[in-house]
Amino acid sequence: SSDLIDMSCQQMSMRVKGMKIDELRAFLKDESAKYDIQLYDLPANLFPLCITQSLMVLPWATLDSFYKEFAKEVRMLVKADFKINARDEETKLEAAIRELKDIGCNPQIERYKLDVYYYYNKIRTNFVHNLHDDKSTKAEKRLFKKINQHDVNSFFPTIKAPSEPDKLTYADFVLFTATIVNIADMLTICIKRS
């Protein structure tokens, strides 16, 4: 929960408070080795943000594994040779939508949900590939600005997100997860209507 993450962040901040840069690097290297992750140059003040960014990997990975089972279901219910083949620069979601439309199934996924998906997916991609350059940061901000906050808040009234890229909270993880669940539902519903 967000309380557990806040507590972890506070503990980490207390443990590294007052450390010189060399001490901090050595501490992070030792901590990283324990968990087989790379934190070597992570500034302590970015630790809470990095935890939230790392959480974005989980819902995305779940959706990624969903496509395999989903394709099997489409083959069983609609078209025996259905496959999700992403073209260059196309996400699996875009490929799934395109392939479904090609067989007469039209998933009704609202634009704001797709915008939320693309925003958090960009944050996840930048985190996983350690992309923190100006181009990557600007892309996150540009995607954030595209999101229709009113529509998101109307559909998910209890989730206080999305947040700006440098102000992510646990609510952003919840929103990404809820959006992915809804997208998977819309894909599944469209094949059952055909």
Side-chain angles (χ1 to χ4, degrees), residues 36-38 49-133 135-149 151-152 155-156 159 161-165 168-194:
D36 196 28
I37 58 175
Q38 293 182 358
L49 178 61
C50 288
I51 285 178
T52 305
Q53 289 172 328
S54 70
L55 288 174
M56 298 302 179
V57 174
L58 301 172
W60 181 87
T62 303
L63 182 62
D64 198 47
S65 63
F66 160 81
Y67 294 121
K68 188 176 184 179
E69 294 306 313
F70 176 71
K72 285 182 191 174
E73 193 170 333
V74 175
R75 284 192 292 272
M76 186 176 70
L77 296 173
V78 183
K79 189 170 189 258
D81 62 346
F82 180 82
K83 290 181 184 168
I84 300 174
N85 294 316
R87 297 174 180 159
D88 289 343
E89 301 298 318
E90 188 178 50
T91 66
K92 279 192 181 175
L93 176 58
E94 291 165 336
I97 292 169
R98 178 181 46 75
E99 298 279 3
L100 286 167
K101 286 180 179 179
D102 287 350
I103 62 168
C105 301
N106 190 12
Q108 301 297 314
I109 304 169
E110 294 90 339
R111 180 77 246 165
Y112 71 90
K113 290 176 189 169
L114 293 172
D115 289 342
V116 167
Y117 168 81
Y118 291 126
Y119 170 60
Y120 289 130
N121 187 44
K122 176 52 105 175
I123 287 171
R124 178 210 64 84
T125 300
N126 288 349
F127 177 79
V128 167
H129 298 289
N130 201 22
L131 302 173
H132 303 294
D133 55 81
K135 182 180 176 184
S136 301
T137 305
K138 285 178 183 175
E140 289 176 356
K141 289 178 182 176
R142 190 171 46 256
L143 288 169
F144 174 75
K145 287 179 182 176
K146 284 180 69 175
I147 298 170
N148 185 321
Q149 300 278 346
D151 287 347
V152 173
F155 192 79
F156 300 109
I159 304 174
S163 306
E164 294 180 48
L168 297 175
T169 68
Y170 187 73
D172 290 284
F173 165 71
V174 172
L175 179 60
F176 191 28
T177 304
T179 302
I180 281 178
V181 168
N182 188 266
I183 287 171
D185 284 347
M186 293 298 99
L187 294 174
T188 304
I189 287 168
C190 90
I191 65 167
K192 291 184 176 172
R193 286 182 183 153
S194 63

Does some side-chain heavy atom of [Y] sit less than 4.5 Å from a side-chain heavy atom of [X]?
{"X": "Ile123", "Y": "Phe176", "value": "no"}
{"X": "Leu93", "Y": "Leu187", "value": "yes"}
{"X": "Ile84", "Y": "Phe70", "value": "yes"}
{"X": "Arg142", "Y": "Lys145", "value": "no"}
{"X": "Phe127", "Y": "Met56", "value": "no"}

Can you tell me how far apart [atom1] ([X]) and [atom2] ([Y]) are? Round to the nearest 0.5 Å.
{"X": "Ser163", "Y": "Asp172", "atom1": "OG", "atom2": "CG", "answer": "3.5 Å"}
{"X": "Thr125", "Y": "Glu140", "atom1": "OG1", "atom2": "CD", "answer": "9.5 Å"}
{"X": "Lys138", "Y": "Leu143", "atom1": "NZ", "atom2": "CG", "answer": "14.5 Å"}
{"X": "Ile109", "Y": "Ile183", "atom1": "CD1", "atom2": "CD1", "answer": "5.5 Å"}
{"X": "Lys192", "Y": "Leu77", "atom1": "NZ", "atom2": "CG", "answer": "7.5 Å"}
{"X": "Glu164", "Y": "Lys141", "atom1": "CD", "atom2": "NZ", "answer": "8.0 Å"}

Stepwise side chain to side chain donor-acceptor pair (under 3.5 Å) check, Tyr118 with Glu94: CA-CA 11 Å; Tyr118 291 126; Glu94 291 165 336; 3.1 Å; yes
Proximity of Phe173 and Tyr170 rings by center, below 6.0 Å: yes
Plane angle bin for Tyr119 and Phe144 - parallel if under 30°, tilted between 30 and 60°, otherwise perpendicular: tilted
Exam field: side chain Glu99 to backbone Ile97, donor-acceptor pair closer than 3.5 Å: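 Looks like no, no N/O pair under 3.5 Å.
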For Gln149, side-chain hydrogen bond (donor to acceptor under 3.5 Å, both in side chains) partners two or more places apart: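 Once residues adjacent in sequence are excluded, Gln149 has no partner under the side-chain hydrogen bond (donor to acceptor under 3.5 Å, both in side chains) criterion.
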Asp115: partners by side chain to side chain contact (heavy atoms under 4.5 Å, CB included), with sequence neighbours left out: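 Once residues adjacent in sequence are excluded, the partners of Asp115 under the side chain to side chain contact (heavy atoms under 4.5 Å, CB included) criterion are Arg111, Lys146, Ile147.
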Pairing residues for Asp102 by the salt bridge (Lys or Arg N to Asp or Glu O under 4.0 Å) criterion, not counting sequence neighbours: none
Note: Asp81-Arg75 ion pair, threshold 4.0 Å (strictly below):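 Judged by the 4.0 Å cut-off on N to carboxylate O distance, Asp81 and Arg75 do not form a salt bridge.
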Short side-chain donor-acceptor distance under 3.5 Å, Asp133 and Ser136: yes
